[in-house]
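One structure is given below, encoded as structure tokens.
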Amino acid sequence: MPTFQAPRGTADRLPAEQKYWRYIEAHAADVARRFGYGRIDSPMFEDAGLFVRGVGEGTDIVEKEMYVFEDRGGDLLTLRAEGTAPVCRAYLQHGLHNGPQPVRLYYLCPVFRYERPQAGRFRQHHQFGVEAIGDPDPSVDAEVIELAWTLMHDIGLQDITLFTNSIGDANCRPEYIAALQSYYEKSAGHLCPDCRGRLERNPLRLLDCKVATCRALGEEAPKSVECLCADCQTHWDRVQSYLAAIGVPNRVDHRLVRGLDYYTRTVFEIQPAVEGAQSTICGGGRYDALMEQLGGRPTPGIGFGSGIERLALNLQRAAAPVPDEPSPRYLIATIGAGARVAGVGLAHRLRAAGVGAILANGGRALRGQMRQASALGVDAVLILGDDEVRDGTVAVRNMASSSQDVLPLEQFVRDAAGVSPS
RNA sequence: GCGAGCAUAGCCAAGAGGCCUAAGGCGCCUGUCUGUGGCACAGGAGAUCACGGGUUCGAAUCCCGUUGCUCGCCCCA
């Protein structure tokens, strides 16, 4: 065993798995562009209070999962525990309310939570997310959901389901929670120990308990969508009609609640069909009260986060076609010390012209250099020996067709630089 | 925070107390082929058997502890 290993719950991403990331990132950026979302990058760490205020004091993220540390100046900082609060902080800090609303933003960044790692769960993971801030209109809810759905579709995930729900707002949620509590109190004796605690601390979460007896109770529990106030009801109905209009299928799941305190009204998740824990690949919702929590003026917002590791995992499971990273176009093989100098020079000229070229391991016989070319998957090998150097030529061997031509070196460089680089 | 399983080379892995100076495969390197790849054949390099302690005449193998990994619960992306 090596002395040092990557810290628990973190992972090196080796070249072989980069293609999934490049693929997802490229599609995410393209979908964001088509929907008019601009990229935002926030710092990797923030004032610890930001997440306490934003995500909610009673949440697991804040209570036991944050990486908190004091820096040398005595400031209490937190590694980014979540994507939305920093974006909202930036919105307030830079007065983004002065532009046309909503402000449409997306991000792609690492997120840190101290958890026990398991399949699809890490201490450092990466999220693509979007936030549309400053517009309460239900069409924005539909837009954000459509964006998420489009991304899943574009990267090639087929068997996925979109779940939606509305959990009301400050007007109607207290009443709903009271109804929920009185319903569950009648059966308190049948609840699992965890749920007995939830009854007081976080009644909404009673609904998504996985214990069979609690599940059964949850089926019959009062539904939040049946307790909405008039405004929330209208909003919810419109979201549903817009989703229907753009053909995004969704299943209303009255047990869908989310673990972050800031959600209001619309909440949604996307899950793949394959069973398993940690399966949610996208989760989000509206957070109309968050800005006030962070000290800003009341400003509505909605967004989602999506875990890149989980997307990559699902792409691999589904054997979705993901293009390989391009190999360098040329490998330069040299024979002898004099040709080596010429090879170094040729590699330099090709690279300067924007063409991909690598020099073969020079200690090897030509055969070994050819093997290396095969293993690397280059298009062609450029062979330089004493004859070529003397004549000012280069032997160009096309690896796919096994054809080989000897060309004047200058002509070859000119032609190679002229075609599209790779 | 709770529970379960696993730990032998870069990767996969045989191994059930002495025949282990640790099989085999992939990958890597070399040669067969003095300047030509994919195939084949031959050879080579690469392992304090996770770490520490114990039992035993003898431990990769049995026991204990530690660490790490994996999976599940909780929670979340």
Side-chain angles (χ1 to χ4, degrees), chain A residues 1-11 14 16 24 55 58-66 80-84 108-129 148 192-195 197-198 202 205 208-211 257-260 269-272 275-284 303-314 331 333-336 339 360-361 363-389 395-404 406:
Chain A
M1 275 299 123
T3 310
F4 294 111
Q5 294 183 46
R8 181 155 215 210
T10 68
L14 300 176
I24 293 167
V55 178
T59 58
D60 277 14
I61 290 182
V62 168
E63 263 185 5
K64 46 191 191 190
E65 295 178 357
M66 293 205 308
R80 174 170 44 227
E82 185 266 342
T84 300
L108 192 58
C109 63
V111 174
F112 304 86
R113 291 180 204 160
Y114 187 85
E115 304 184 87
R116 286 287 290 270
Q118 63 192 73
R121 198 176 70 187
F122 310 92
R123 290 186 174 176
Q124 178 184 13
H125 76 279
H126 298 75
Q127 284 191 25
F128 166 73
C192 71
D194 282 341
C195 280
R198 291 182 179 121
N202 198 347
R205 301 221 62 102
D208 64 356
C209 181
K210 280 156 193 116
V211 176
V257 297
R258 299 193 39 81
L260 286 64
E269 278 185 11
I270 295 175
Q271 309 238 5
E275 290 293 318
Q278 313 347 113
S279 55
T280 301
I281 52 177
C282 175
F304 69 80
S306 187
I308 311 284
E309 284 84 353
R310 290 187 187 175
L311 291 177
L313 182 68
N314 277 280
L331 179 132
T334 61
I335 306 154
N361 183 329
R364 307 176 66 169
L366 181 59
R367 175 210 317 286
Q369 299 183 56
M370 295 301 292
R371 280 186 180 152
Q372 193 182 5
S374 266
L376 290 169
V378 300
D379 294 342
V381 179
L382 311 179
I383 301 167
L384 293 172
D386 291 340
D387 297 348
E388 287 79 8
V389 171
V396 180
R397 182 176 183 82
N398 182 303
M399 295 302 278
S401 65
S402 293
S403 59
Q404 186 166 326
V406 177

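All values below were derived from every heavy atom in this structure, side-chain atoms included, with hydrogens, water molecules and symmetry-related copies excluded. Each chain gets a letter, A, B and so on, in the order the sequences are listed, and its residues count up from 1.
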*Evaluate the criterion side-chain contact (heavy atoms from CB on, under 4.5 Å) for residue pair S402(A) and R397(A); output intermediate values, then yes/no.*
CA-CA 6 Å; S402(A) 293; R397(A) 182 176 183 82; 3.8 Å; yes

Protein-nucleotide distance ([X], atom [atom1]; [N], atom [atom2]), rounded to Å:
X: Q5(A); N: U70(B); atom1: CD; atom2: P; answer: 10 Å
X: K64(A); N: C2(B); atom1: NZ; atom2: C1'; answer: 10 Å
X: R364(A); N: G44(B); atom1: CZ; atom2: C1'; answer: 14 Å
X: L313(A); N: U70(B); atom1: CG; atom2: P; answer: 13 Å
X: H126(A); N: C76(B); atom1: NE2; atom2: C1'; answer: 16 Å
X: D60(A); N: A77(B); atom1: CG; atom2: C1'; answer: 15 Å
X: E63(A); N: C76(B); atom1: CD; atom2: P; answer: 12 Å
X: Y114(A); N: C2(B); atom1: OH; atom2: C1'; answer: 14 Å

*Counterpart residues, ring-ring contact (aromatic ring centres under 6.0 Å, His included), relative to H126(A) (two or more places apart)*: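 Once residues adjacent in sequence are excluded, the partners of H126(A) under the ring-ring contact (aromatic ring centres under 6.0 Å, His included) criterion are W21(A).
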
*A339(A) to I335(A) - nearest heavy-atom pair and separation*: CB-O, 3.3 Å

*Closest approach of M370(A) and I383(A), non-hydrogen atoms and distance?*
SD-CD1, 4.5 Å

Pairwise [atom1] distance for [N] and [M], with rounding to whole Å:
N: U67(B); M: C51(B); atom1: P; value: 16 Å
N: G18(B); M: A59(B); atom1: P; value: 11 Å
N: C49(B); M: A13(B); atom1: C1'; value: 13 Å
N: C63(B); M: U70(B); atom1: C1'; value: 24 Å
N: A47(B); M: A60(B); atom1: C1'; value: 11 Å
N: C73(B); M: C11(B); atom1: P; value: 28 Å
N: C39(B); M: C12(B); atom1: P; value: 22 Å
N: U34(B); M: C28(B); atom1: P; value: 22 Å

*Answer with base, sugar-phosphate or nothing: what part of the nucleic acid does G120(A) contact at a heavy-atom distance below 4.0 Å?*
base

*For F304(A), which contact category applies under a 4.0 Å heavy-atom criterion: base, sugar-phosphate, or nothing?*
nothing

Counting only Watson-Crick or G-U wobble pairs whose two distances fall under 3.5 Å, which nucleotide matches [N]?
N: U67(B); value: A7(B)
N: G1(B); value: C73(B)
N: G31(B); value: C41(B)
N: U56(B); value: none

*Is it the case that R123(A) places NZ or CZ above or below the six-membered ring of Y114(A), under 6.0 angstrom from the centre and within 45 degrees of the axis?*
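Ring-cation test returns yes.
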
*For side-chain contact (heavy atoms from CB on, under 4.5 Å), just list the numbers for V381(A) and Q369(A), CA-CA rounded to whole Å, side-chain angles, deciding distance to a tenth of an Å, and then say yes or no.*
CA-CA 9 Å; V381(A) 179; Q369(A) 299 183 56; over 6 Å; no

*asked:* Can you see if the side chain of Q118(A) gets near the phosphate of U70(B) - specifically, an N or O under 4.0 Å from OP1 or OP2?
replied: no

_Between R113(A) and C75(B), is there a contact of a side-chain N or O with OP1 or OP2 at under 4.0 Å?_
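No, because none of the side-chain N or O atoms of R113(A) sits under 4.0 Å from OP1 or OP2 of C75(B).
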
*Of Q127(A) and G9(A), whose nearest nucleotide on RNA chain B comes first from the 5' end?*
G9(A)

*Assess whether side chain to side chain donor-acceptor pair (under 3.5 Å) is satisfied between Q124(A) and T10(A), documenting all intermediate values.*
CA-CA 5 Å; Q124(A) 178 184 13; T10(A) 68; 5.6 Å; no

For nucleotides 35-38 of chain B, print each protein N/O atom paired with a nucleotide N/O atom at under 3.5 Å, atom names and distance only.
| from | atom 1 | to | atom 2 | distance (Å) |
| --- | --- | --- | --- | --- |
| G35(B) | O6 | D387(A) | N | 3.3 |
| G35(B) | O6 | D387(A) | OD2 | 2.9 |
| G35(B) | O6 | E388(A) | OE1 | 3.4 |
| G35(B) | N1 | E388(A) | OE1 | 2.9 |
| G35(B) | N1 | E388(A) | OE2 | 3.0 |
| G35(B) | N2 | E388(A) | OE2 | 3.0 |
| U36(B) | O2 | R397(A) | NE | 3.4 |
| U36(B) | O2 | Q404(A) | OE1 | 3.3 |
| U36(B) | N3 | Q404(A) | OE1 | 2.9 |
| U36(B) | N3 | Q404(A) | NE2 | 3.0 |
| U36(B) | O4 | Q404(A) | NE2 | 2.6 |
| G37(B) | OP1 | R367(A) | NH1 | 3.3 |
| G37(B) | O2' | S374(A) | OG | 2.8 |
| G37(B) | N7 | R397(A) | NH2 | 3.2 |
| G37(B) | O6 | R397(A) | NH2 | 3.2 |
| G37(B) | O6 | S402(A) | OG | 2.1 |
| G37(B) | N1 | M399(A) | O | 2.5 |
| G37(B) | N2 | M399(A) | O | 3.0 |
| G37(B) | N3 | S374(A) | OG | 2.9 |
| G38(B) | O6 | S402(A) | OG | 2.7 |

*asked:* Rounded to the nearest 0.5 Å, what separates atom CD in E115(A) from atom CZ in R8(A)?
replied: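 It is 12.0 Å, given to the nearest 0.5 Å.
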
Contacts under 3.5 Å, N or O only, protein and nucleotides 4-6 of chain B:
none

*Does some side-chain heavy atom of I308(A) sit less than 4.5 Å from a side-chain heavy atom of L108(A)?*
yes

*With distance as the sole test, does R80(A) use its side chain to make a donor-acceptor pair with the main-chain N or O of P110(A) at under 3.5 Å?*
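Yes, because the side chain of R80(A) sits within donor-acceptor range (under 3.5 Å) of the backbone of P110(A).
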
*Show the numbers, then the answer: is there a side-chain contact (heavy atoms from CB on, under 4.5 Å) between R310(A) and H125(A)?*
CA-CA 9 Å; R310(A) 290 187 187 175; H125(A) 76 279; over 6 Å; no

*Go through the N and O atoms of the side chain of R258(A) and the base of C75(B), and report whether any donor-acceptor pair is under 3.5 Å.*
no

